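This structure is a prediction, so every number in the text was calculated from the model and none was measured. We count ligands from 1, going down the list as the structure has it; atoms in each ligand are counted the same way.
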Amino acid sequence: MAAPKTTPLFNRLALIGAGLIGSSIARAAREQGVVKEIVATARSQATRQRVVALGIADTVVDSNVAAVAGADLVIVCIPVGACGAVAAEIGPHLKAGAVVSDVGSVKGSVTRDMAPHLPAGIHFVPAHPVAGTEYSGPDAGFAELFVNRWCILTPPEGTDPKAVERLAAFWSAFGAKVETMTADHHDLVLAVTSHLPHLIAYTIVGTAFALREVTQSEVLKFSAGGFRDFTRIASSDPTMWRDIFLANKEAVLEMLGRFNEDVSELTRAIRRDDGQALFDIFSERRAIRGSIVAMGQDSAAPDFGRPHPNLPADPLPKPYAADQD
Ligand code: NAP
């Protein structure tokens with residue numbers, strides 16, 4: 001095993017949930033040496049066995065209570081709707097002074113669901129690594145997932161700043177950029193940058209798929225256009241996204257209302273043949289993509305830098321080749 005790169009920040013890390021995010025944390029924590037020991041658990045025996053086979057934790061236990069015993073950092077890496085019940089289960093068994101965190105994509109509801117079950121003397125620092133892929137499960141994780149991605153911490157008022165600093169150092173060791181904000185602010189920002197785009201992707205993929213009879217499956221055949229990117233987003237885990245929309249209902253509905261107004265604006269411009277309005281709107285929106293690239297949040301390479309196959313060596317069917325007699 002390679003020598004750890006960092007002085008350990010915590011002795012024992014307990015991971016509850018070992019899917020994409022939990023298993024990526026395990027891999028990164030081991031690689032960077034930020035903890036001395038990793039204990040993991042997952043709901044199903046199949047996932048626990050897979051974690052053992054992958055060798056990404058020092059110990060795999062079969063209950064949440066066993067996982068948190070003696071842990072000084074506990075990270076709950078499960079769908080947001082399940083966090084409250086898990087907090088109730090582990091609350092009485094946490095080590096005094098432990099830092100408890102999560103990775104949920106919604107912060108207000110998780111804080112409200114978990115905090116009441118955590119006894120005094122436990123430092124609760126909710127977190128959201130804004131990093132992921134459309135894949136799930138322990139095999140999907142990788143240590144580099146968080147490099148150059150944001151990790152947003154939303155400590156409730158009165159949280160010990162030292163606990164926040166320790167957790168920030170933990171995420172920074174994975175190459176993440178850490179920012180702190182309130183849970184409500186997080187939920188509003190993510191509603192528009194992440195949750196609404198997923199809702200649009202789920203919708204447009206359904207609309208196009210419903211047309212497949214009419215278009216004789218051309219929707220699927222020609223899906224390499226912009227539609228392909230929507231299908232990738234819409235292949236994300238349904239449990240996780242069900243929980244996100246229910247947990248961030250208010251902010252998502254607010255953003256959806258604004259989005260519908262903007263769609264109406266475009267609809268009106270098209271209906272009225274208002275080319276100038278369309279051109280102005282598109283020019284303004286194109287500049288937004290430029291600023292995302294300039295901030296280093298995405299690649300400037302054409303088509304997101306996807307590899308393109310080489311030209312075929314012998315592209316023309318024989319009857320058209322120039323050297324034929
Ligand atoms: P995942 O790959 O599907 O893994 C989920 C884990 O949670 C699995 O270990 C699963 O156990 C366990 N689990 C599922 N339902 C549970 C329940 N009711 N009670 C206890 N454990 C349960 O999911 P993930 O992508 O790692 O997402 C985990 C969390 O990270 C979610 O809160 C999500 O919002 C957040 N997040 C996800 C992304 C992303 O892009 N995927 C990005 C940032 C944050 P079994 O395998 O045994 O069923």
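- Considering NE2 of H186 and CE of M181, their distance stands at 7.0 Å, rounded to 0.5 Å.
- For a heavy-atom separation below 4.0 Å, the residues in contact with ligand 1 are G17, A18, G19, L20, I21, A42, R43, S44, T47, C77, I78, P79, V80, A82, V103, G104, S105, H128, P129, A131, G132, T133, S136, G137, M240.
- Salt-bridge check for R268 with D274: failed, with every basic side-chain N at 4.0 Å or more from each acidic carboxylate O.
- Ion pairing between R30 and D58 holds under the 4.0 Å rule for side-chain N and carboxylate O.
- Grouping the Ile, Leu, Val, Met, Phe, Trp and Tyr side chains by contacts below 4.5 angstrom, directly or via other members, places I16 apart from V60.
- Scanning for side chain to side chain contact (heavy atoms under 4.5 Å, CB included) contacts around E284 gives an empty result, with sequence neighbours left out.
- A salt bridge links D139 to R50: one of the charged nitrogens lies within less than 4.0 Å of a carboxylate oxygen.
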